[in-house]
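As the structure is a prediction and not an experimental result, all values here were calculated from the model.
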Amino acid sequence: QVQLVESGGGLVQAGGSLRLSCECSGLTFSAYAMGWFRQAPGKEREFVAANGRSSTTYYSDSVKGRFTISRENAKNTVYLQMNSLKPEDTAVYYCAASLQIGTRTYEYDSWGQGTQVTVSS
């Protein structure tokens, strides 16, 4: 059974930083591309960042230069370092796994339960 468990969310002031973690089990982690998505109230889930098996990375334009995705295969964990946070980054953040790197929600097979990030102004 595949499980993805996010952690590291919380409340932070604008300009601050947070690091999200997503620990995976039940899959061969190194064979999967990992993505981060987010969903704000009343909005659709949107792509944030993705990291492929060959360390290829993609970022949405809204987070490029501020967020960094990384992975540690030995720990079956993917991270999202978020710097220079803005109030518009407030959302529930989800990690997801796919056999192929992508930027669309339908390209990902397995999802975590999400972690709340709130950025105050």
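- In terms of heavy atoms, A91 sits closest to A40 at CB-N, 3.8 Å.
- Atoms CD and OG, from Q3 and S110 in turn, are 10.5 Å apart once rounded to the nearest 0.5 Å.
- The minimum heavy-atom distance between A14 and P87, with the atom names listed, is CB-CD, 4.1 Å.
- V48 forms part of a hydrophobic cluster together with V2, L4, V12, L18, L20, L27, F29, Y32, M34, W36, Y59, V63, F67, I69, V78, L80, M82, L85, Y93, L99, V117, V119, judged by ILVMFWY side-chain heavy-atom separations under 4.5 Å.
- Annotation: cation-pi pair R45/F37 absent, no NZ/CZ under 6.0 Å from the ring centroid and within 45° of its normal.
- With 3.5 Å as the limit, one finds no donor-acceptor pair spanning the side chains of D109 and S98.
- One distance of note links OG of S21 with CD of Q81; it measures 9.5 Å at 0.5 Å rounding.
- Judged purely by atom type and a 3.5 angstrom limit, E6 uses its side chain to pair as donor or acceptor with the backbone of G114.
- Atom OG1 of residue T105 and atom CD of residue E46 lie 11.5 Å apart, to the nearest 0.5 angstrom.
- Taking each heavy atom of R71 and N73 in turn, the nearest pair found is NE-OD1, 3.0 Å.
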For this session: Run the numbers on N51 and T57 for side chain to side chain donor-acceptor pair (under 3.5 Å), then give the verdict.
Result: CA-CA 5 Å; N51 179 298; T57 55; over 6 Å; no
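- With sequence neighbours excluded, the residues that form a side chain to side chain donor-acceptor pair (under 3.5 Å) with S60 are S62.
- Counting heavy atoms from C-beta outward, D89 and R66 have side chains that approach closer than 4.5 Å.
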For this session: Kindly indicate, with the supporting measurements, whether the criterion side chain to side chain contact (heavy atoms under 4.5 Å, CB included) is fulfilled by Q116 and T90.
Result: CA-CA 8 Å; Q116 176 71 47; T90 295; 4.0 Å; yes
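- Scanning all heavy atoms of the two residues, the minimum distance from Y108 to A50 falls at OH-CB, 3.6 Å.
- Atoms SG and CD, from C95 and Q113 in turn, are 7.5 Å apart once rounded to the nearest 0.5 Å.
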